[in-house]
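Numbering of ligands and ligand atoms starts at 1, following listing order. Predicted, not measured: the structure shown is a model, and the values here were computed from it.
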Amino acid sequence: MRTLILLLCVSALISMALFAQSQQPDWKAFDEETMRHFQALVRFDTTDPPGGEKPAADYLKQVLEKEGIPTKVFALEPNRPNVVARIKGSGKKRPLLVMGHTDTVNVDPKKWTFPPFSAARDKGYIYGRGTIDDKDNVTGALMAAVTLKRLNVPLDRDVIFLFEAGEEGASRLGIRFMADQHFDEIDSEFCLAEGGGVVRQGGQVKYANIQTMEKIPRGIELTAHCVAGHGSVPLKTNAIVHLADAVSAVAKWRTPIRINDTTGLYFSRLAELSGPADAQRYRDILSSDPKKIEAADEYFLDQEPRHASMLRTSVSPNEFNGGYRSNVIPSEAKARLDVRALPDEDPAKFLEAMKTIINDPAIDVAYTSRDTRPGTPVAKLDSEAFKTLEANVRKEYNAPTLPTMGTGATDMAYLRAKGMQCYGIGPATDIEDGPLGFGAHSDQERVLESEIIRFAHFNWDVILDLARAK
Ligand SMILES: [Zn+2]
């Protein structure tokens, strides 16, 4: 009897192993197809504004439907559709949403060595707008969808794919429209989207950033009101001078430093991976010694500005307008500040604090409308999704995971606001590429071919681990 039970157990184990194996694709074909779709998607000019994501959306729809995956299209404007595809599971668990945006930021073609929509391959790189924002995630999602369908993987949960329009400045047509009007189509326990990535330095993978929270973009406008006059008679009340002083004061303002769970874990894990001097600063910033904190902060402001921004609500004066001819003292001048608020920032109190810093009755300080995003809770660090991501970062990249607060904004904010646990992921990029002008939204954009392929594998493994029947 015992032998029989043992035999049954062994045969069950063997069939489980065979089944697990059959859930893996033919990797050579998978890689070739990943490259083909990636290049095809980069070649659509979907710069936003004006948008025009339709050709990319049509392409995705056609690839999915050819595999027998039904798609639904939701569009507020005909040329700017969102595409949703759902692969059904048993319903044992709540769905997983995987999303990517099909639009890109604009280009100045003169600044590109290879044309921005060529998807040119050169020395191991692929060049093009959207190669790391966000046609990488779109391609990873597409490959996961067709592969799940082809292998007919039994799933414990639905996997929903959302290819969205308008992320780069028109979220009312994309994620806001989907979250407000069609939430039942995308409602999920977890979501994966852009906003994270793997950091390489000197060609070596250092760590992965998994985005678990993000700052909230806000706009503040400063308006100087004064009396107009003749330029030959300088006035102390000159609006340009008042505005310049106000802008200078807010730029020098060290807004308060606040560490949260995500940034706390981020800096402590980063310290473990860094050389002694860097590690000391990452520990100092978490210490309770104001002198050490200040010194580390000063260093970040000079050398690691993204880290300085992660510590606080940041203010960057990015527009300055005043005057219209050289012999007239203008009665008004305006500046616009890009404010990136910590998720727990109180907007009213922050505005009052800024007024105190400016300390000039001639300056009005007020929030302006902009394409902002809702404040949201942090994605959980002990969830099944975060643990699965961490395990697969280890498996695919042999590297640790740092939970990260994005200084920029993503469409995940709209989903986190509804309680979804969202995590930002992305391919590996070289830390050296940013200063060379190859980053997202930069003059040029590129990615290593090998890293696009590796990301597609990682993405597949994560989705399989989170969704397959167990
Ligand atoms: Zn993006």
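- The N, O or S atom of Asp133 lying closest to the Zn ion (ligand 1) is OD1.
- The residues Glu189 and Lys93 are annotated as not salt-bridged, no charged nitrogen and carboxylate oxygen being separated by less than 4.0 angstrom.
- In this pair, Phe163 and Phe161 present their aromatic rings parallel. The plane angle is below 30°, not in the 30 to 60° band.
- In terms of distance to the Zn ion (ligand 1), the nearest N, O or S atom of His101 is named NE2.
- At a threshold of 2.8 Å, the Zn ion (ligand 1) has no backbone or side-chain N, O or S atom of Glu167 nearer than that distance.
- Pairs of residues two or more places apart, or lying in two chains, that qualify as ring-ring contact (aromatic ring centres under 6.0 Å, His included) and include a residue from residues 50-77 are His37-Tyr59, Phe44-Tyr59, Phe74-His182.
- Residue Glu194: an N/O/S atom is found under 2.8 Å from the Zn ion (ligand 1).
- Residues satisfying the salt bridge (charged side-chain N to carboxylate O under 4.0 Å, His left out) criterion with Asp158, sequence neighbours excluded, are Arg86, Lys88.
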